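The next block holds one structure in the form of structure tokens; read it before the comments.
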Amino acid sequence: MSFLSYFRSQRKKSASLAKERLQIIVARERLQCAGGPDYLPMLQDELLAVVRKYIQVDRNAVRMQLDQEGDCEVLELNITLPDGPETSARVR
Amino acid sequence: MTRIIVVTSGKGGVGKTTTSAAFAAGLASAGRRTAVIDFDVGLRSLDLIMGCERRVVYDFINVINGEASLKQALIKDKRIPGLFILPASQTRDKDALTTEGVERVLDELSEEFDYIICDSPAGIERGAYLAMYFADEAIVVTNPEVSSVRDSDRVLGLLASKTRRAERGEPSVRERLLVTRYAPSRVGKGEMLSVEDVQEILAIELLGVIPESTAVLNASNSGMPVILEARSDAGQAYQDAVARFLGEEREHRFLTEKKGLFGRLFGGSSA
């Protein structure tokens, strides 16, 4: 450790911000381009808004996935609740 | 069996042509007969990077339209045996490219070459689409920068759905990541996405990391593929990447900061 590291650690790390932003936008665009219906991102936004009315959750806490199981399409919704013994509620 | 490789990225200016030239020269140096095609119709650049701009007589579009034979249009590299360049047209537009025409040229090249490298234009329009359509393998060139990573992800989506292999339900195009313009010192300071970050987001195999280097501009100034600058960091990084491409195991170099005396005294522990 040198004395310069002290000043360095004060700086906001822009790379981690870049990574966070990318993870969100890339996940969103994959959902859109995967041939899934284009209402998915909007559905995700609105669901997030509803959940947020009752529980303060992070934007990343709602994950949605469209899968194919045999003849059925399955819309899987994962909401991670903050803390508590039951940390994840799964609606299917 | 000929392998068709597309060098692609979505975003412009990240190093597709530099990479195409480096890989073409590297594969040919390794004794593989290699042709490299510029798909950037209207804005060709490969000829300059390869240093053969004054020897262009006929181009890719001339061959597609039957105005010249492939033999007439292919430019033989003067430095490396077994290396040929097919330049793009500078005067026509991208609509001159047709799927059938491209297929015909690739089929004819396949009779003679081990590797065909398709240097994709930026964007996701016709030229980029046709550059990837017939590919067996893809080298996705990405800068550690948000818009480049996002575009690369988009291109990966297209490789998985809009290629001949995807349409025919054949084994998918082998996708590998090449991170270019990497500045380890900035990564250390938390100012640049690390190669691990980029890889985590794109989730594909890492082929190589090319450091930000003055050698790249110097090489393009003189019309020399940077891989031939064997003493430069970027040249060596490309040599490693080509060796890995050919199945050799090589450790990744140039991932950490080179530290001079000053850095060692004042830099502290590197992150």
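Every chain is numbered from 1, with letters handed out A, B, ... down the list of sequences. The analysis underlying the following values was restricted to heavy atoms, covering all of them including side chains, and did not include hydrogens, waters or symmetry mates. Since we're looking at a predicted model, the values are computed, not measured.
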Non-hydrogen atoms of chain A under 4.5 Å away: do they reach the side chain of D153(B), the backbone, both or neither? side chain
Ionic contact status for R150(B) with E29(A), cut-off 4.0 Å: yes
Considering non-hydrogen atoms only, spot the tightest contact between L22(A) and V146(B) and give its length. CD2-O, 3.4 Å
Write down the atom of L193(B), the atom of A18(A), and the distance for their closest heavy-atom approach. CD2-CB, 3.8 Å
For K13(A) and E191(B): C-alpha separation, side-chain torsions, deciding distance, then whether salt bridge (Lys or Arg N to Asp or Glu O under 4.0 Å) applies. CA-CA 6 Å; K13(A) 304 282 191 231; E191(B) 294 174 356; over 6 Å; no
Verify the neighbour count for atom [atom1] of [X]: are there more than 12 heavy atoms of other residues, nucleotides or ligands below 6.0 Å?
{"X": "E125(B)", "atom1": "CD", "result": "no"}
{"X": "E251(B)", "atom1": "CD", "result": "no"}
{"X": "R21(A)", "atom1": "CZ", "result": "no"}

Rounded to the nearest 0.5 Å, what separation is found between the OG atom of S14(A) and the CZ atom of R186(B)? 7.5 Å
Output for pair (E20(A) CD, I201(B) CD1), nearest 0.5 Å, gives 10.5 Å
Would you say that L202(B) contacts V26(A) through its side chain, given a criterion of any heavy-atom pair below 4.5 Å between the two side chains? no
